[in-house]
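Inspection log for the structure reproduced underneath, given as structure tokens.
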Amino acid sequence: MKHTITLIPGDGIGPEISDAMRLVVEATGVDIEWDVQEAGADVMDKYKTPLPEGVLDSIRRNKVAIKGPITTPVGKGFRSVNVALRKKLDLYACLRPCFSMEGVKSRFSGIDLVIVRENTEDLYAGIERMINDDRAESIKLITRGASRRIAKFAFEYARTEGRKKVTAVHKANIMKCSDGLFLESVGQEAAEYPDIEFDDRIVDNMCMQLVQKPENYDVLVLPNLYGDVISDLCAGLIGGLGIAPGANIGDELAVFEPTHGSAPSYAGLNKVNPTALILSSVLMLKHINEGEASDRVLAAVKAVIKAGKQVTYDLGGSATTSEMAEAIASKIT
Ligand code: NAD
């Protein structure tokens with residue numbers, strides 16, 4: 001079956017890791033037509049917006065997209081294209097599996113966690129204003145609907161993937177209304193899944209627990225901002241951002257992207273690790289019912305990383321982005 005998939009290379013290191021991902025996915029023989037769409041800082045002059053409407057139309061048409069990272073200026077300039085995509089397309093669930101791989105040097109081993117981050121509200125919605133030159137406020141919006149919806153996603157994921165436990169992460173001791181509502185909503189949804197264990201942790205304690213006893217946790221469900229922060233923490237547990245994949249999923253549409261950003265200082269150097277985007281394509285292939293190809297890409301990534309010879313600098317090697325991708329592609333059987 002032929003699949004048409006929107007490909008957004010993004011900016012910074014995005015284009016080079018996108019080429020690497022394409023090479024690997026094409027080696028599986030799955031019939032994919034890439035509908036390449038430009039977005040990000042580099043297209044501002046051309047389209048007068050970092051997120052041209054054509055990009056959204058393409059994703060709505062094709063239902064599935066994979067993207068490289070897109071830069072968001074700090075403190076000024078345009079708002080995040082990544083956040084806008086998630087909100088405009090109602091990609092409410094951010095899924096980030098974090099698992100240890102043999103051959104990756106890390107302080108931890110045997111990590112097997114899944115982050116399920118709410119993607120549409122919380123402080124991350126950017127509802128904020130300057131009250132005057134010296135005061136600013138941000139609104140933390142949490143709704144029962146979005147909280148129940150993300151909780152349902154987490155429990156359904158746990159059930160489908162044979163996972164045992166879902167942990168809700170919050171700060172409901174301090175933010176009794178907003179995080180209190182999130183926790184209450186997840187608890188209500190948990191009651192529908194008696195086969196899955198449910199517990200909760202306060203976010204600061206969760207950070208400590210994750211570095212002391214990560215083996216006690218399985219699927220974590222979090223509001224947007226805690227999800228953002230803890231995703232990077234968990235990427236650190238498994239050996240860094242270069243190997244942490246992700247997906248943004250809604251009821252109709254899905255956009256796959258790595259956890260990491262555009263790493264502008266590495267752009268164009270053919271140096272960074274393409275694995276996070278390649279592992280995002282593993283999730284994408286599974287999503288489009290190409291499970292067998294998905295397994296083959298995952299096996300090839302694991303084989304190259306375990307051998308440790310053709311890996312990028314962050315994994316202790318000296319291979320370029322494209323050399324590592326070629327090594328992975330050549331291992332696809
Ligand atoms: P970053 O993730 O881009 O990079 C932080 C550091 O992590 C890099 O300096 C590098 O040392 C390492 N790293 C990241 N990706 C790597 C890879 N593939 N291989 C090896 N090492 C890698 O984070 P940042 O510097 O905080 O953000 C840069 C820009 O990216 C910002 O504009 C930010 O808003 C944006 N961003 C975009 C997304 C997205 O597109 N979804 C996500 C996060 C950040």
#### Entry: Spacing of OG belonging to Ser100 relative to CG belonging to Leu113, to within rounding of 0.5 Å
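So the gap between those two atoms works out to 8.5 Å.
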### Task
Hey, could you give me the CZ/CG distance between Arg107 and Leu237, rounded to the nearest 0.5 Å?
11.0 Å
### Message
One pair to check against side chain to side chain contact (heavy atoms under 4.5 Å, CB included): Met206 and Leu222. What are the steps and the verdict?
### Response
CA-CA 11 Å; Met206 185 79 250; Leu222 314 92; 5.8 Å; no
Around atom [atom1] of [X], are there more than 12 heavy atoms from other residues, nucleotides or ligands closer than 6.0 Å?
{"X": "Glu26", "atom1": "CD", "value": "yes"}
{"X": "Lys286", "atom1": "NZ", "value": "no"}
{"X": "Glu252", "atom1": "CD", "value": "no"}
{"X": "Arg61", "atom1": "CZ", "value": "yes"}
{"X": "Lys171", "atom1": "NZ", "value": "yes"}
{"X": "Asp45", "atom1": "CG", "value": "no"}

Electrostatic pair [X]-[Y], nearest N-O below 4.0 angstrom:
{"X": "Glu197", "Y": "Lys164", "value": "no"}
{"X": "Arg144", "Y": "Glu184", "value": "yes"}
{"X": "Asp19", "Y": "Arg22", "value": "no"}

### Task
Check the pair Asn270 / Ser322 against side chain to side chain donor-acceptor pair (under 3.5 Å), numbers first and verdict last.
CA-CA 7 Å; Asn270 195 20; Ser322 46; 3.0 Å; yes
Starting from [Y], can I reach [X] by hopping between I/L/V/M/F/W/Y residues whose side chains sit under 4.5 Å apart?
{"X": "Ile332", "Y": "Val311", "value": "yes"}
{"X": "Ile278", "Y": "Val30", "value": "yes"}
{"X": "Tyr226", "Y": "Val166", "value": "no"}
{"X": "Met324", "Y": "Met101", "value": "yes"}
{"X": "Val83", "Y": "Leu51", "value": "no"}

### Task
Check each of Thr275, Ile238, Ile243 against Val104 using the side-chain contact (heavy atoms from CB on, under 4.5 Å) test, and report the only one that passes.
Ile243
### Message
Under the side-chain contact (heavy atoms from CB on, under 4.5 Å) test against Arg117, which residue among Asn248, Val229, Val169, Asp228 passes?
### Response
Asp228
Side chains of [X] and [Y], heavy atoms from C-beta outward: is any pair under 4.5 Å?
{"X": "Ile59", "Y": "Ile8", "answer": "yes"}
{"X": "Lys302", "Y": "Leu298", "answer": "yes"}
{"X": "Glu326", "Y": "Leu23", "answer": "yes"}
{"X": "Asn224", "Y": "Leu123", "answer": "no"}
{"X": "Tyr217", "Y": "Arg201", "answer": "yes"}
{"X": "Leu56", "Y": "Leu89", "answer": "yes"}
{"X": "Val116", "Y": "Leu95", "answer": "yes"}
{"X": "Thr72", "Y": "Val81", "answer": "no"}

### Message
Classify the ring geometry of Phe153 against Tyr92: parallel below 30°, tilted from 30° to 60°, perpendicular beyond 60°.
### Response
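Rings of Phe153 and Tyr92: perpendicular, as their planes differ by over 60°.
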### Query
Going through the distances and angles, do Arg149 and Glu121 end up as a salt bridge (charged side-chain N to carboxylate O under 4.0 Å, His left out)?
CA-CA 12 Å; Arg149 182 166 75 158; Glu121 51 183 35; over 6 Å; no
### Query
Minimum heavy-atom separation for Asp314 to Gly242, with atom names?
OD2-CA, 4.0 Å
### Task
Could you pull out the closest heavy-atom pair between His287 and Ala254, with the gap in Å?
NE2-CB, 3.6 Å
### Task
For Glu189 and Lys152, run side chain to side chain contact (heavy atoms under 4.5 Å, CB included): C-alpha distance rounded to whole Å, both residues' side-chain angles, the deciding distance at 0.1 Å, then the answer.
CA-CA 6 Å; Glu189 206 58 46; Lys152 186 176 172 61; 3.7 Å; yes
#### Entry: Audit row: Arg159, Glu192, salt bridge (charged side-chain N to carboxylate O under 4.0 Å, His left out) steps and yes/no
CA-CA 12 Å; Arg159 191 177 266 174; Glu192 310 283 326; over 6 Å; no
### Task
Start with the C-alpha distance between Cys94 and Ile115, add both sets of side-chain angles, then the distance that settles side chain to side chain contact (heavy atoms under 4.5 Å, CB included), and finish with yes or no.
CA-CA 8 Å; Cys94 179; Ile115 306 241; over 6 Å; no
### Task
Test Lys165 against every option in Asp112, Asp218, Asp199 by the salt bridge (Lys or Arg N to Asp or Glu O under 4.0 Å) rule and name the one that passes.
Asp199
### Query
For Gly246, does its backbone N or O pair with a side-chain atom of Thr259 as donor and acceptor, under 3.5 Å?
no
### Message
Could you check whether Thr4 and Asp35, counting side-chain N and O atoms only, form a donor-acceptor pair closer than 3.5 Å?
### Response
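Short answer, no.
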### Task
Go through the steps for His260 and Ile17 under the test side chain to side chain contact (heavy atoms under 4.5 Å, CB included), then give the verdict.
CA-CA 12 Å; His260 65 72; Ile17 58 172; 3.6 Å; yes
